[in-house]
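Notes for the one structure printed next.
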Amino acid sequence: MSKALVVGEIKNEQISKVTLEMASRAKELKMDVSVIFFGAGAENAAKSNLSGVARSLFHESSDYNGEVIAEAVSKVVKSGNYEIILIPHTWMGRDISGRIGALLDSSVISDIVDLQNEGGKLIARKPVYAGKAYVKLAHKSGVKIFSVRPNVFAVTQNKTEPSSETPEKIEADYSKAKAKRVEFKSSQGAKIGLTEASIIISGGRGVKGPEYFPVLQELADMLGAALGASRATVDAGWIDHSHQVGQTGKTVSPILYIAVGISGAIQHLAGMGSSKYIVAINKDPEAPIFKVSTYGIVDDLFNIVPPLKNEIKALKG
Ligand SMILES: Cc1cc2nc3c(=O)[nH]c(=O)nc-3n(C[C@H](O)[C@H](O)[C@H](O)COP(=O)(O)OP(=O)(O)OC[C@H]3O[C@@H](n4cnc5c(N)ncnc54)[C@H](O)[C@@H]3O)c2cc1C
């Protein structure tokens with residue numbers, strides 16, 4: 001059984017969904033899985049057993065430093081003879097995966113959307129050319145490091161009851177780091193993180209102005225969704241850049257992506273093309289978004305969004 005280390009992520013002191021997704025996929029691929037956590041809440045995260053996990057490791061710290069985390073993970077990988085590392089493709093993963101690759105003299109296959117065992121070889125699938133094509137990649141040698149896009153794997157390994165095993169505390173030396181975080185400012189943007197959201201409602205230039213984004217936010221709140229936007233609306237100053245989806249914004253992969261008044265330019269599709277179900281509301285039947293959408297509504301969005309909200313309100317009682 002191959003030994004895999006999942007680098008877990010904590011959000012608001014909770015284990016993030018992508019961590020469970022990575023652990024689930026690793027178990028499905030019959031790996032011997034360990035999980036390591038850093039940050040505030042790391043100890044608690046390590047104590048809550050992810051069913052079937054061999055080892056839980058943690059370093060509790062209110063500080064964040066990618067250099068330090070990469071160093072600590074590399075040490076654990078070397079001492080534990082891990083063959084595979086799974087890292088979430090989030091801002092933390094982007095920060096640490098390359099560093100870990102360098103420290104272990106190995107390469108990272110980043111932003112993967114699938115991982116299969118084909119004849120004993122781990123084959124990853126990832127989008128290229130702004131989502132226009134996919135490549136399959138495998139490591140030739142070294143520790144196999146993958147960064148995994150959130151929401152692409154199902155959660156089958158849930159958090160269960162507290163672990164009977166004692167989680168292992170690991171050391172991390174912050175004193176030698178060449179850079180340190182001097183301030184942490186949370187963005188005023190999304191209430192629910194776009195990159196991990198299961199449902200996203202996104203607005204485009206078709207919404208006509210900034211005043212319609214609060215309307216979409218209400219709809220998003222009703223569905224427990226995150227609010228996204230096209231670059232055209234961000235450039236127009238209608239909404240903050242933290243909401244932008246696409247090549248120069250965030251890459252998202254929700255179960256449901258509702259595009260409201262978005263044309264579906266290739267740069268937008270690059271950020272949301274791997275969504276499971278895409279629903280497009282656009283008055284132009286020729287809009288490119290319909291080529292990728294699962295369901296399309298050809299109509300004026302101002303005729304569709306209000307009754308949609310009413311229907312959801314009624315359904316929710
Ligand atoms: C290097 C580069 C990077 C880029 N990065 C990104 C990126 O990260 N994200 C991104 O989104 N874009 C990006 N773009 C811009 C991209 O090319 C498009 O210009 C942008 O996505 C268009 O946004 P939009 O769909 O909101 O606007 P438009 O293309 O103007 O489309 C508006 C749509 O709304 C529909 N509409 C209008 N009124 C209504 C109505 N009342 N009811 C229903 N439908 C209506 C129209 O039919 C139209 O299809 C990038 C471009 C470049 C060159």
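Ligands are counted one by one from 1 in listed order, and the atoms in each one are counted from 1 as well. Numbering starts at 1 and runs along the sequence shown.
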Contact partition for Ile289 relative to ligand 1, non-hydrogen atoms under 4.0 Å: neither
Trp91 and Thr195: CA distance, side-chain angles, deciding distance, side chain to side chain contact (heavy atoms under 4.5 Å, CB included) verdict: CA-CA 10 Å; Trp91 65 266; Thr195 47; over 6 Å; no
Short N-O contact, Glu118 and Lys136, less than 4.0 angstrom: yes
Which of the ligand 1 atoms, numbered from 1, are nearer than 4.0 Å to a heavy atom of Gly249: 8 (O)
Asp300/Lys283 salt bridge by N-O under 4.0 Å criterion: no
Contact atoms of ligand 1, heavy-atom distance to Phe302 under 4.0 Å: 41 (N)
Lys/Arg-Asp/Glu bridge criterion (N-O < 4.0 Å) met for Glu21, Arg25: no
Pick from Arg205, Lys208, Arg231: the one approaching atom 10 (C) of ligand 1 most closely through a non-hydrogen atom: Arg231
From the candidates Gly204, Ala232, Ala259, Ser202, the one that places a heavy atom nearest atom 23 (O) of ligand 1: Ala232
Atom 26 (O) of ligand 1: the protein heavy-atom neighbour that sits closest, reported with distance to 0.1 Å: Ser230 OG, 2.5 Å
Residues Leu301, Tyr212; criterion side chain to side chain contact (heavy atoms under 4.5 Å, CB included); working and verdict: CA-CA 11 Å; Leu301 69 94; Tyr212 211 67; 3.6 Å; yes
Residue pair Arg231 / Thr248, side-chain donor-acceptor N/O under 3.5 Å: yes
Nearest-contact summary for atom 31 (O) of ligand 1 - protein heavy atom, Å: Ser263 CB, 3.3 Å
Numbering as shown, the atoms of ligand 1 that approach Asp299 to under 4.0 Å (heavy-atom distance): 42 (N), 43 (C)
Close-contact set for ligand 1 against Gln247 heavy atoms, below 4.0 Å: 7 (C), 8 (O)
Any donor-acceptor N or O pair under 3.5 Å, side chains Gln116, Asp114: yes
Backbone or side-chain N or O of Gly261 under 3.5 Å from ligand 1 N or O: yes
Backbone or side-chain N or O of Val245 under 3.5 Å from ligand 1 N or O: yes
Pick from Asn282, Asp284, Val234: the one approaching atom 46 (C) of ligand 1 most closely through a non-hydrogen atom: Asn282
Pairing of Glu168 and Arg55 as salt bridge, 4.0 angstrom limit: yes
Min N/O separation Leu301 to ligand 1 under 3.5 Å: yes
Trp238 and Phe213 aromatic ring geometry - parallel, tilted or perpendicular at 30°/60° bounds: tilted
Taking atom 17 (O) of ligand 1 as the reference point, the nearest protein heavy atom with its distance: Gln267 OE1, 2.7 Å
Glu218/Lys309 salt bridge by N-O under 4.0 Å criterion: yes
Minimum-distance protein heavy atom relative to atom 45 (C) of ligand 1: Lys283 CG, 3.7 Å
Atoms in ligand 1 flagged as close to Asp300, the criterion being non-hydrogen separation under 4.0 Å: 40 (C), 41 (N), 42 (N)
Numbering as shown, the atoms of ligand 1 that approach Ala265 to under 4.0 Å (heavy-atom distance): 16 (C), 17 (O), 18 (C), 21 (O)
Where ligand 1 meets Thr248 - atom numbers and elements under 4.0 angstrom, heavy-atom basis: 3 (C), 4 (C), 5 (N), 6 (C), 7 (C), 8 (O)
Subset of ligand 1 atoms that lie under 4.0 Å from at least one heavy atom of Gly246: 7 (C), 8 (O), 9 (N)
Backbone N/O of Gly228 and side chain of Gln244: donor-acceptor pair under 3.5 Å: no
Close approach of Val207 to ligand 1, heavy atoms, under 4.0 angstrom: no
Pair Ser147, Arg94: side-chain N/O donor-acceptor within cut-off below 3.5 Å: no
Protein contact to atom 36 (N) of ligand 1 [nearest heavy atom, distance to 0.1 Å]: Gly206 CA, 3.6 Å
Rounded distance [0.5 Å steps], CE in Met92 versus CZ in Phe38: 8.0 Å
Gln244, any N or O under 3.5 Å of ligand 1 N or O: yes
